[in-house]
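Take a look at the structure below.
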Amino acid sequence: MKVILASAAALAMSTSLVLAQSAAPEGGAARSTPTCQQALPQIENLIGQADNAGLQTDTAKSHLEEARQAKTAGQEQQCLESLVMAQNDVLEKANSQRAPAPTPN
């Protein structure tokens, strides 16, 4: 149950960062990219939820630390890229955790 909740939260949060990184649809309004300052606490929360759900988050935490260092150094784009990588790692783990087991032949 906790994994499902973490997956749902991850998918909801993925919209804010992943979609913000993509180009605006043709004829559509441009999406605003969150700042590192705005996105950092969201990804910290996501990783915390994944931890509580029992997912392995070492790689995501490593990316989070890279983001913190980039933020401190004033490297906004690097910070956002590291946060997206952390988020994607959590999403991959959550999706693989809830994937159905293969059936034996």
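A donor-acceptor pair under 3.5 Å is formed between the side chain of T35 and the backbone N or O of Q38. A donor-acceptor pair is defined here as one N or O able to donate and one able to accept, closer than 3.5 Å; such a pair exists between the side chain of E76 and the backbone of C36. At least one donor-acceptor pair under 3.5 Å links the side chain of T72 to the backbone N or O of R68.
Smallest separation of non-hydrogen atoms from A70 and C79: CB-N, 3.5 Å. In terms of heavy atoms, A67 sits closest to L40 at CB-CD1, 4.3 Å. Nearest heavy-atom pair, V90 versus A60, reported as atom, atom and distance to 0.1 Å: CG2-CB, 3.7 Å.
Each of D89, L46, I47, L64 was evaluated against T57; a single residue qualifies, I47, per the side chain to side chain contact (heavy atoms under 4.5 Å, CB included) test.
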Run the side-chain contact (heavy atoms from CB on, under 4.5 Å) test on Q87 and L83 for me, step by step, so that the C-alpha distance in whole Å, both residues' side-chain angles and the decisive distance to 0.1 Å come before the verdict. CA-CA 6 Å; Q87 170 191 271; L83 290 174; over 6 Å; no

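Here the straight-line distance linking atom OG of S82 with atom NZ of K71 works out to 13.5 Å at 0.5 Å rounding.
Taking the side chain as every heavy atom from C-beta outward, D51 and K61 approach each other to under 4.5 Å.
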